[in-house]
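Notes to accompany the following structure.
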Amino acid sequence: MTFKYKNVYLNETATIAGPYEQLGPLAHTYDKTYDNLYFGKKTFEQAESKLIEESVDLLLYKVKKVKSEIDLHIGGDLLNQLTATNYASRTIGIPLLGIYSACASSVEGLIIGSNMLEAGQIKNFIMTVSSHNASAEKQFRYPVEYGGPKRVTSTFTCTGGCSAYLSYNRCGVKVESATVGVVKDMGVSDTYHMGAVMAPAASYVIKKHLDETKREIDYYDLVLTGDLGIYGVKILKDMMQTDYQIKMNNLEDAGTLIFDYEKTKDVHAGGSGPACLPLVAFGDIFNKMQKGELKKVLLVATGALMSPTFVNQKLSIPSIAHAISLEALI
Amino acid sequence: MEKNKYKDLVTKHTPKENRLLNAFIAFGIGGMLGVIGELLRTFYAYILDIPKQDAGVFMTTTLIFIGCLLTCFGFFDKWVNFARCGLIIPITGFAHSMQSAALDYRREGFVTGLGSNMLKLAGSVIIYGIISAYIFGIVRFLIFGGNV
C-alpha cells in the first residue's frame with residue numbers, strides 16, 4: 001500500500017541522545033546529549049519517559065508553538081504498554097495516538113499523521129519515538145549489569161528521544177510518499193541476530209515501494225534502513241540482488257552509522273531501537289536535505305516484532321518495515 | 001525467497017565465532033579463579049586456623065561477595081563478557097546473575113521487585129542443581145550403598 005502526499009512537510013525535528021551515542025561520529029548533529037543513562041531520574045524507564053518530554057519541549061521551542069496549538073501527538077516506544085510514551089503524555093497533554101511496530105514505529109507514526117494531514121483532518125502533528133538501552137535490555141534480554149556473552153551479530157539498543165513536527169506549511173523537507181509494509185517471518189528465531197530477522201521485511205517494502213511508484217532504485221540519493229546492523233545490511237543487499245536483481249549501491253544503515261566502533265566496542269553489529277533511525281534521519285540527514293546536499297531519501301524503518309514469551313514458546317520472530325520518501329525543497 | 005534458501009543466505013553472511021579461542025580464554029580465567037579459590041582456602045585453613053571443611057565455605061562466600069561487589073561497581077559484566085564461561089560457570093557467575101537481577105529490580109519494592117525477580121536467572125540453576133543432586137545421590141546410594 002503506497003500513499004502519495006501533495007501537502008505534507010517535515011518542518012522541524014528534535015533529537016536527544018545518550019552517553020554511547022555522544023561518543024559516536026554523529027554526536028554534533030544531536031540537539032542534546034546526556035552523560036549517563038538516568039537523566040536525573042530514579043529508574044531507566046522513567047528516564048526514557050523524560051527523554052520524550054524533553055524532546056517535545058525542545059521541538060515546540062524550535063517551532064515556536066505552544067502545546068495547545070498542536071492537533072495530534074503520535075508516539076511509540078519499546079516498553080510494555082507503551083509506558084514511556086503514555087507517561088510522558090501526562091505532562092505533554094496533546095491528544096495522543098500510541099503506536100507500536102517495534103523499531104519501525106517512527107515511520108509508522110509519520111505515515112499515520114501524514115495521511116491525516118493530507119486528508120485535511122488535522123493542521124499539524126508531532127511524532128515522537130524513544131528507546132533506552134538499559135530499559136530495553138531489562139525487558140527483552142538480561143538484567144542490565146549481567147554480562148552474558150553476546151555474539152558479534154547482536155545489536156545494541158540506542159538511547160534517544162526523537163520528535164518531529166509536521167504540517168502543511170512548506171518548509172523543511174517534503175514528505176513525498178510512503179509504503180506500508182507487511183509482517184514477514186522467514187523462520188529466524190535467533191534473538192542475537194535481529195539483522196537476519198528484519199532484512200526480509202526491508203527487502204519486501206523497498207521492492208513494493210519501487211513497484212508502486214514505478215521508480216528505479218537509483219531515483220533515491222540514499223536509502224536509509226533503520227537498524228539492520230553490519231550483517232543485516234549484507235543480507236539485505238544479497239537478498240535484493242538474488243530476488244529482484246536490484247543493486248543497492250545507495251544503501252546505508254542508521255545502526256551502522258550511529259556508533260564509534262573503536263570507542264564503544266560492545267555495540268557489536270551496530271545500533272537498534274525505535275530511536276536509532278530518527279537519531280540519524282532527524283539530525284544528520286534532515287540537515288543535509290535542508291542544505292540540498294541530499295535531494296531524495298527513502299527511510300526504511302525496520303522492526304523485529306520480538307516477544308520473549310513467543311521466543312520461549314519456540315516460535316520464530318516476525319518483522320515489519322515501513323518506507324517513507326522524503327524530498328528536499330531546494 | 002524460500003525459508004531454506006534464506007537460511008543459507010543468513011549463514012553465508014554470519015561470521016563464525018572463534019570457539020577455540022573462547023574455550024581457551026574460559027579455561028585460562030576459570031583456572032586462575034580456581035587457583036585463587038584454593039589459595040583462599042589454604043589461607044583460611046592454615047593462617048587463620050579455620051577447620052578445613054569450614055575453610056571451603058569461607059572461600060565460597062568470599063568469592064560470592066567479590067562477585068556481587070564487582071557487579072555493583074558496574075564493570076564485572078564487561079569482564080564476564082570477555083571471560084565468558086571462565087567467570088559464569090564458577091560461583092562468581094551465580095553471584096553475578098543474582099546481583100545484577102537484584103540491581104535491576106531494586107526500585108520495584110522488596111517483595112514485588114527484589115524478592116520475586118532476584119532469582120530470575122539463578123532460579124533454574126538452583127532448581128536443576130537440587131534435582132540433579134537428588135538423582136546423583138540416589139544413584140550413588142544404589143551403587144555404593146549409603147556409606148562411602
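As a basis for the values below, the full set of heavy atoms in this structure was taken, side chains included, without hydrogen atoms, waters or symmetry mates. Because the structure is a prediction, the values reported are computed rather than measured. Residue numbers start from 1 in every chain, and the chains themselves are labelled A, B, ... in the order their sequence lines are given, proteins ahead of strands.
When each of A/Ala199, A/Gly148, A/Gly195, A/Pro149 is scored by its heavy-atom pairs under 4.5 Å with chain B, the top score falls to A/Pro149. Across B/Thr71, B/Asn22, B/Leu103, the residue that shares the most heavy-atom pairs under 4.5 angstrom with chain A is B/Thr71. Heavy-atom pairs under 4.5 Å with chain B were tallied for A/Asp185, A/Thr43, A/Ile230, A/Val144; the largest tally goes to A/Val144.
The main-chain N or O of A/Gly147 is found under 3.5 Å from a side-chain atom of B/His96 such that the two form a donor-acceptor pair. A donor-acceptor pair under 3.5 Å is absent between the side-chain atoms of A/Glu252 and the main chain of A/Thr225, judged by distance alone. Not one N or O on the side chain of A/Asn133 forms a donor-acceptor pair closer than 3.5 Å with the backbone of A/Cys158.
Not less than 6.0 angstrom separates the ring centroid of B/His13 from the ring centroid of A/Tyr231.
Only the side chain of B/Lys12 comes within less than 4.5 Å of a heavy atom in chain A; its backbone stays farther off. Interface residue B/Lys120: only side-chain heavy atoms are found under 4.5 Å from chain A. For a residue to count as touching a neighbouring chain, one of its non-hydrogen atoms must lie under 4.5 Å from one of that chain's; by this rule A/Ser203 does not touch chain B. Heavy atoms of B/Glu108 lying under 4.5 Å from chain A belong exclusively to its side chain. Residue B/Arg107 touches chain A through its side chain alone, counting heavy-atom pairs closer than 4.5 Å.
Between A/Phe156 and the options A/Phe259, A/Tyr261, A/Tyr192, a ring-ring contact (aromatic ring centres under 6.0 Å, His included) holds for only A/Phe259.
No hydrogens or angles considered: nothing links the side chains of B/Ser100 and A/Glu145 as a donor-acceptor pair under 3.5 Å.
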